[in-house]
Asks: 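Pasting a structure here, questions to come.
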Protein chains: 2
Amino acid sequence: MTAHVSLPPEGPASEEPGHTTGEPRWLDAEEQRAWRAYLYSAQLLLDRLDRELTHETGISHAYYEVLVALSETPGRRMRMSELADRCLSSRSRLSHAVSRLEERGWVRREVCAEDGRGLLAVLTDEGFAALAAAAPVHVESVRTHLFDQLTPEQVAAMRDLGETLLRHLGPR
Amino acid sequence: MTAHVSLPPEGPASEEPGHTTGEPRWLDAEEQRAWRAYLYSAQLLLDRLDRELTHETGISHAYYEVLVALSETPGRRMRMSELADRCLSSRSRLSHAVSRLEERGWVRREVCAEDGRGLLAVLTDEGFAALAAAAPVHVESVRTHLFDQLTPEQVAAMRDLGETLLRHLGPR
DNA sequence: GCGGAATAGATGAGCCTTCAACTACGCTGA
DNA sequence: TCAGCGTAGTTGAAGGCTCATCTATTCCGC
């Protein structure tokens with residue numbers, strides 16, 4: 001009955017008044033239901049999108065995001081750190097990812113003129129072509145599993161929810 | 001400008017009428033904004049919750065879900081497959097996870113009486129104690145990064161959104 | 001009761017992510 | 001001009017996840 005975020009109590013723990021540590025702010029049944037619905041649906045959705053993209057194009061969602069970020073930039077190139085931020089990725093993770101994309105011939109590293117420490121990730125024509133092939137597959141998944149399921153009001157609520165959380169979690 | 005799900009076009013591709021393949025149903029600017037807000041916020045939130053839980057308790061969110069599922073069940077035991085379903089986990093992933101939890105002494109495998117093929121994962125007292133210690137940490141994270149940020153209307157919308165998507169993505 | 005299909009689960013290789021070093025370069029102040 | 005610190009990025013080891021494969025057991029029809 002009690003679910004997920006709270007410890008299943010044998011009954012509410014005895015509470016002494018004037019506590020110092022503070023009793024955990026457990027979720028009530030309604031909150032649990034909302035939280036679980038959000039958590040499960042988000043996990044299932046992201047998983048599904050990633051799987052469909054990966055299986056139909058050979059590009060994981062993580063790689064896809066890297067390619068998209070590069071493709072949207074003038075000259076199709078970006079500093080490694082900036083790219084990491086845009087992809088919600090750690091520096092290390094991005095570094096590994098770019099190495100693997102480099103092996104596929106989709107990205108190339110270039111030294112940065114203004115900063116001798118810096119590198120630019122550059123999207124190659126092959127990389128752009130791979131992205132062009134994958135994009136219709138991905139957009140169809142997003143339509144099918146997300147937008148086709150929602151009313152315009154729900155889409156608006158989704159955006160509102162997302163933007164509210166982003167203000168807290170920070171665009172970094 | 002064009003973002004994420006769509007190929008950044010040099011301009012809309014020429015479209016011949018009577019197409020057979022079907023032009024991709026690209027997202028418009030509003031849809032992209034909603035989708036990105038949702039995607040980013042979900043990724044950041046889940047990441048944050050997982051990190052806080054992992055760093056403060058040594059239990060990843062994935063393991064936490066396993067422990068919670070077991071703790072909620074009569075006898076604190078469950079068939080491996082059912083546990084996998086409850087945790088949105090593949091059989092293989094759960095099998096590996098239970099092995100690791102077994103090494104920590106938090107879970108034990110028992111043979112299943114009714115089905116010689118089956119196994120039961122059983123939460124040990126040590127496992128329950130570990131969960132009891134972690135739960136307050138996790139609930140505080142969920143409060144701080146989710147519920148404290150939202151109005152009651154947004155919580156209701158979150159639940160509605162989640163349940164709508166779950167109907168499509170299936171409780172499996 | 002027996003042969004074959006289906007189910008439950010384990011296993012290992014390979015890839016991905018994380019974390020903690022580590023290198024290399026730039027910036028600042030004395 | 002150089003010492004020290006901060007920033008940019010890489011690297012390798014360790015653990016987690018996926019996928020394909022494998023074993024053991026049950027179920028089903030005859």
Side-chain angles (χ1 to χ4, degrees), chain A residues 43-44 46-67 77-104 106-122 172, chain B residues 43-44 46-67 77-104 106-122 172:
Chain A
Q43 286 184 164
L44 285 170
L46 299 183
D47 224 68
R48 185 85 161 245
L49 295 177
D50 186 33
R51 286 179 119 73
E52 290 187 358
L53 186 60
T54 302
H55 286 152
E56 291 175 41
T57 72
I59 306 177
S60 71
H61 193 259
Y63 287 11
Y64 185 83
E65 295 232 55
V66 172
L67 299 180
R77 69 195 59 224
M78 201 184 284
R79 287 290 294 270
M80 294 293 285
S81 306
E82 198 188 340
L83 187 54
D85 291 345
R86 284 238 192 291
C87 297
L88 303 182
S89 174
S90 70
R91 310 295 164 93
S92 167
R93 180 188 183 198
L94 181 75
S95 184
H96 286 298
V98 165
S99 296
R100 292 177 302 246
L101 289 171
E102 224 168 4
E103 286 168 17
R104 297 195 192 185
W106 292 351
V107 170
R108 181 164 34 86
R109 273 183 245 244
E110 263 180 24
V111 296
C112 179
E114 309 98 56
D115 189 337
R117 296 167 299 181
L119 291 180
L120 291 161
V122 186
R172 165 44 344 157
Chain B
Q43 287 184 165
L44 285 171
L46 299 183
D47 224 68
R48 185 87 160 242
L49 296 178
D50 186 35
R51 286 178 120 73
E52 290 188 357
L53 186 61
T54 301
H55 286 151
E56 291 176 39
T57 72
I59 306 177
S60 70
H61 194 259
Y63 287 11
Y64 184 84
E65 295 233 53
V66 172
L67 299 180
R77 67 195 61 226
M78 200 185 283
R79 287 290 295 270
M80 294 292 286
S81 306
E82 198 189 339
L83 187 54
D85 290 346
R86 283 237 193 292
C87 298
L88 304 182
S89 174
S90 70
R91 311 292 165 95
S92 168
R93 180 189 183 196
L94 182 75
S95 185
H96 285 298
V98 167
S99 297
R100 291 177 302 243
L101 289 172
E102 226 170 2
E103 288 168 17
R104 297 196 193 184
W106 292 351
V107 171
R108 183 164 33 87
R109 272 181 247 243
E110 261 179 27
V111 296
C112 178
E114 308 98 57
D115 188 337
R117 296 166 298 183
L119 291 180
L120 291 162
V122 186
R172 161 68 333 160

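So you know, we letter chains A, B, ... as the sequences are listed, proteins then strands, and number each from 1.
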Asks: For B:Ala84, which residues count as a side-chain contact (heavy atoms from CB on, under 4.5 Å) partner, sequence neighbours excluded?
Replies: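 Listed in chain order: B:Arg91, B:Leu94.
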
Asks: At what distance, to the nearest 0.5 angstrom, does NE2 of A:His61 lie from SG of A:Cys87?
Replies: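 Separation between the atoms: 10.0 Å.
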
Asks: Using the side-chain hydrogen bond (donor to acceptor under 3.5 Å, both in side chains) criterion, which residues pair with B:Ser90? Sequence neighbours excluded.
Replies: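 Testing B:Ser90 for side-chain hydrogen bond (donor to acceptor under 3.5 Å, both in side chains), a comparison that skips the adjacent residues, returns none.
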
Asks: Considering only residues two or more places apart or on different chains, which pairs with a residue in residues 107-121 of chain B satisfy salt bridge (charged side-chain N to carboxylate O under 4.0 Å, His left out)?
Replies: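 For residues 107-121 of chain B, and leaving out neighbouring residues, the salt bridge (charged side-chain N to carboxylate O under 4.0 Å, His left out) pairs sorted by first residue read B:Arg77-B:Glu110, B:Arg79-B:Asp115, B:Glu102-B:Arg109, B:Arg108-B:Glu110, B:Asp115-B:Arg117.
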
Asks: Rounded to whole Å, please give me the gap between CD in A:Glu103 and C1' in C:dG14.
Replies: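 Spelled out: CD on A:Glu103 to C1' on C:dG14 is 13 Å.
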
Asks: Find the distance A:Leu83:CG to D:dA8:C1' and express it as a whole number of Å.
Replies: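 Going from A:Leu83 (CG) to D:dA8 (C1'), I get 14 Å.
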
Asks: When you match B:Ala113 and A:Ser99 each to their closest nucleotide on DNA chain D, which lands nearer the 5' end?
Replies: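 That would be A:Ser99.
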
Asks: Measuring from A:Ile59:CD1 to A:Tyr64:OH, what's the distance to the nearest 0.5 Å?
Replies: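 Between atom CD1 of A:Ile59 and atom OH of A:Tyr64 there are 8.5 Å.
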
Asks: Provide, to the nearest angstrom, the distance between the CZ atom belonging to B:Arg79 and the P atom belonging to D:dT25.
Replies: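 Going from B:Arg79 (CZ) to D:dT25 (P), I get 14 Å.
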
Asks: Run the side-chain contact (heavy atoms from CB on, under 4.5 Å) check on B:Val111 and B:Leu119 step by step: do they pass?
Replies: CA-CA 5 Å; B:Val111 296; B:Leu119 291 180; 4.1 Å; yes

Asks: Distance from A:Ser92 atom OG to A:His96 atom NE2, nearest 0.5 Å?
Replies: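 With rounding to 0.5 Å, OG (A:Ser92) is 4.0 Å from NE2 (A:His96).
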
Asks: Nearest whole Å is fine: how far is D:dT23 P from B:Met80 CE?
Replies: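 Going from B:Met80 (CE) to D:dT23 (P), I get 20 Å.
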
Asks: With a 4.5 Å cut-off on side-chain heavy atoms, are A:Asp50 and A:Ser60 touching?
Replies: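 They are in side-chain contact.
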
Asks: Supply the atom-to-atom distance B:Leu49 CG to B:Thr54 OG1, rounded to the nearest 0.5 angstrom.
Replies: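 These two atoms lie 10.0 Å from each other.
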
Asks: What string of B, S and - do you get for nucleotides 16-28 of chain C, 5' to 3', when a contact is any protein heavy atom under 4.0 Å?
Replies: SBBB-----BS--

Asks: Name all residues meeting the salt bridge (Lys or Arg N to Asp or Glu O under 4.0 Å) criterion together with A:Arg51; count only those two or more places apart in sequence or in a different chain, and write none if there are none.
Replies: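 Scan of A:Arg51 (salt bridge (Lys or Arg N to Asp or Glu O under 4.0 Å), adjacent residues dropped) gives A:Asp47.
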
Asks: For B:Arg100, which residues count as a side-chain hydrogen bond (donor to acceptor under 3.5 Å, both in side chains) partner, sequence neighbours excluded?
Replies: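 Testing B:Arg100 for side-chain hydrogen bond (donor to acceptor under 3.5 Å, both in side chains), a comparison that skips the adjacent residues, returns B:Tyr63.
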
Asks: Over how many whole Å does the gap from B:Glu65 atom CD to D:dG16 atom C1' extend?
Replies: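 Result: 16 Å.
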
Asks: Write down the distance between CD (B:Glu102) and P (D:dG15), rounded to a whole number of angstrom.
Replies: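 Roughly 17 Å, once rounded to whole Å.
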
Asks: How long is the line joining CG of B:Leu88 and C1' of D:dT18, in whole Å?
Replies: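 Whole-Å distance recorded here is 16 Å.
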
Asks: How many whole angstroms separate atom CZ of B:Arg91 from atom C1' of D:dT25?
Replies: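 Spelled out: CZ on B:Arg91 to C1' on D:dT25 is 15 Å.
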
Asks: How does DNA chain C look in dot-bracket form if you count Watson-Crick and G-U pairs under 3.5 Å, write [ ] for pairs that cross, and put | where a base pairs with another strand?
Replies: ||||||||||||||||||||||||||||||

Asks: Extract from the structure each pairing of a protein N or O with an N or O of nucleotides 3-5 of chain C at less than 3.5 Å, listing the distance.
Replies:
none

